[in-house]
Amino acid sequence: MIKKLLQGMVVGIANIIPGVSGGTMMVAMGLYDKLIHAITHLKSEFKESLKLLIPIFLGAGIAIVALSRLFEFLLENYPIPTNFAFCGLIAGSLPFIFKKVKGHSVSVGKAVCFIIFFAIVILMAVMGETSGNAADVSFGLINVVKLLLVGIIAAATMVIPGVSGSMMLMLLGYYDTILKTINNFMDALVVFDIQDLLVQCGILIPFGIGVILGIFLIAKIIEFIFSKAEIHAYYAIIGLILASPIAILLKTDWSGFSILTLVIGLVTFAAGWFVSSKLGGE
């Protein structure tokens, strides 16, 4: 239970940071297949699915709510060591993934899957350099529908390994707004400001419903793909994962680079790799 809660927190933290994929973190910790199965078989295997889903989603929720400010601070003040740590977490997943395709020869189709999805991540990193204008989230039917659709899109990208849900929010112009809303909600909760809580809930509830719908929709699609072309899917995932550290480093603020920050970055990279190896697998 504690291990699954910690794994969920890693996924939650990954979904806060543009360029870092929650789906990749799931793969890194050996959770991906199990989570997709639990989501798509929730009705038929209700108790078993909840045993996995509750601690994972609870951990992710705790991390997003409690650590969003911390990681804003770390990325603003120590971007190089922080991003190196996430590169380590991602790189630590590769041995696990390579085992999935061991014994299967490389074909043109598999190579194409690898190249296409590798390129997608790099392209998203290049496109995501700017967050754009903050979105209008004033209460109204149109904005509620927009938040619902944004939640669906963000959730779908959060689940896909190598694709950053937070980067997608940034491209759509909702990243700063959603992060600020979460922080405002916590501030209002601390002082128990009912009026402000209702305002923040008017944003978070439709977005949250969209996220839940998006997770279930994409999980069904992913399960279908794995049932039809499992090895090709893993080659696509390897492309996504190998591109992810490159995408993160492309988006890193290197203005404070020095030999000391590089050394610290290598230490945090090793720490990330270590955490990935300990939280991975069964």
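Taking both residues in full, the closest heavy atoms of Lys110 and Ser105 are given as NZ-O, 2.7 Å, listed atom of the first, atom of the second, then distance. Residues Phe86 and Ile13 come closest through the heavy atom pair CZ-CG2, 3.2 Å. A pairwise comparison of heavy atoms in Leu262 and Phe257 identifies CB-CE1, 3.9 Å as the closest pair. The minimum heavy-atom distance between Thr252 and Trp254, with the atom names listed, is O-CD1, 3.0 Å.
Among residues two or more places apart in sequence or in another chain, the side chain to side chain contact (heavy atoms under 4.5 Å, CB included) test is passed with Ile54 by Leu50. Residues satisfying the ring-ring contact (aromatic ring centres under 6.0 Å, His included) criterion with Phe226, sequence neighbours excluded, are Tyr234. The side chain to side chain contact (heavy atoms under 4.5 Å, CB included) search around Val112 returns Val108, Ile116, not counting sequence neighbours. For Phe117, the side chain to side chain contact (heavy atoms under 4.5 Å, CB included) test picks out Ile120, Ala236, Leu240, with sequence neighbours left out. Residues satisfying the ring-ring contact (aromatic ring centres under 6.0 Å, His included) criterion with His41, sequence neighbours excluded, are His37. Not counting sequence neighbours, Asp253 has no partner by the salt bridge (Lys or Arg N to Asp or Glu O under 4.0 Å) test. For Ser258, the side chain to side chain donor-acceptor pair (under 3.5 Å) criterion is met by Thr261, not counting sequence neighbours. In terms of the side chain to side chain contact (heavy atoms under 4.5 Å, CB included) criterion, residue partners of Phe114 (sequence neighbours excluded) are, by chain and number, Phe118, Ile238, Leu242. In this structure, Glu230 has no side chain to side chain donor-acceptor pair (under 3.5 Å) partners at least two apart in sequence or on a different chain.
Leu250 and Phe84 are members of different hydrophobic clusters when ILVMFWY side chains are connected at heavy-atom separations under 4.5 Å. Cluster membership for Leu189 and Leu70, using ILVMFWY side-chain heavy atoms within less than 4.5 angstrom, is shared. Placement of Ile182 and Ile215 within a single hydrophobic cluster is found when ILVMFWY residues are connected by side-chain heavy-atom separations under 4.5 Å, directly or transitively. In the hydrophobic clustering of ILVMFWY residues, with side-chain heavy atoms under 4.5 Å counting as a link, Ile237 and Val101 come out together. When the side chains of ILVMFWY residues are joined at heavy-atom separations under 4.5 Å, either directly or via intervening members, Tyr235 and Ile221 end up in a single hydrophobic cluster.
Once rounded to the nearest 0.5 Å, the distance linking NZ of Lys51 with CD1 of Ile56 reads 15.0 Å. In this structure, Ile225 CD1 and His232 NE2 are separated by 12.5 Å, a value rounded to the nearest 0.5 Å. Between Ile178 atom CD1 and Ile64 atom CD1 the span is 11.0 Å, to the nearest 0.5 Å. With rounding to the nearest 0.5 Å, the separation of CG in Asn143 from CG in Leu148 is 12.5 Å. Remark: Thr177 OG1 to Asn184 CG distance equals 10.5 Å, nearest 0.5 Å. Rounding to the nearest 0.5 angstrom, the gap separating the CG atom in Leu52 from the CD atom in Gln7 is 8.5 Å.
With Thr268 contributing its side chain and Pro81 its backbone, the two residues share a donor-acceptor pair below 3.5 Å. Proximity of a side-chain donor or acceptor of Trp273 to a complementary backbone N or O of Cys87 within less than 3.5 Å is not detected. In this structure, Lys220 contributes its side chain and Thr40 its backbone to a donor-acceptor pair below 3.5 Å.
With a 6.0 Å radius and a threshold of 12 heavy atoms from other residues, nucleotides or ligands, Ile194 has its CD1 atom above the threshold.
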Side-chain donor-acceptor distances from residues 195-214 under 3.5 Å, at least two apart:
from: Asp196; atom 1: OD1; to: Gln200; atom 2: NE2; distance (Å): 2.8

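Think of Ile264 as one node in a network of Ile, Leu, Val, Met, Phe, Trp and Tyr side chains linked at under 4.5 Å; its network also takes in Leu260. Through direct or indirect side-chain contacts shorter than 4.5 Å among Ile, Leu, Val, Met, Phe, Trp and Tyr, Ile259 is connected to Val263.
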